[in-house]
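Here is the structure we will look at.
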Amino acid sequence: MTKISQSERILQFIKEKGSITRLQAANEIVAFELSARIVELEREGYLFLKEPVKKIDMVILSE
């Protein structure tokens, strides 16, 4: 059985969804160093449009 690398999973996710955030990478792919994986993919020749995402303040309510 072939193991798929984090970079390959990230690339597949971007191809399917069109983009990825750090939160999506961490939660859905279990890849915590998204920027490092993107650099690896860029070294392989992939080009990415990078846009900052506005920070959203979150409030967690506890009961």
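The figures here come from the full heavy-atom set of this structure, side chains too, leaving out hydrogens, waters and symmetry mates. Remember, it's a predicted structure, so these values are computed and weren't measured experimentally.
- Residues satisfying the side-chain contact (heavy atoms from CB on, under 4.5 Å) test with Ser5, not counting sequence neighbours, are Ser7, Glu8.
- Residues Gln6 and Val30 come closest through the heavy atom pair NE2-O, 3.4 Å.
- Nearest heavy-atom pair across Phe13 and Ser19 is CE2-O, 3.3 Å.
- Among pairs with a residue in residues 26-38, those fulfilling salt bridge (Lys or Arg N to Asp or Glu O under 4.0 Å) read Arg37-Glu40, at least two apart in sequence or across chains.
- A continuous path of Ile, Leu, Val, Met, Phe, Trp and Tyr side chains, each step under 4.5 Å between heavy atoms, connects Ile38 with Tyr46, placing both in one hydrophobic cluster.
- With hydrophobic clusters built from ILVMFWY side chains whose heavy atoms lie under 4.5 angstrom apart, Phe48 does not share a cluster with Val39.
- The shortest distance between side-chain heavy atoms of Leu41 and Ile14 does not fall below 4.5 Å.
- In this structure, Lys17 has no salt bridge (charged side-chain N to carboxylate O under 4.0 Å, His left out) partners at least two apart in sequence or on a different chain.
- Once rounded to the nearest 0.5 Å, the distance linking CD1 of Ile4 with CD1 of Ile29 reads 11.0 Å.
- Taking NZ of Lys15 as the start and CD1 of Ile10 as the end, the distance is 13.0 Å to the nearest 0.5 Å.
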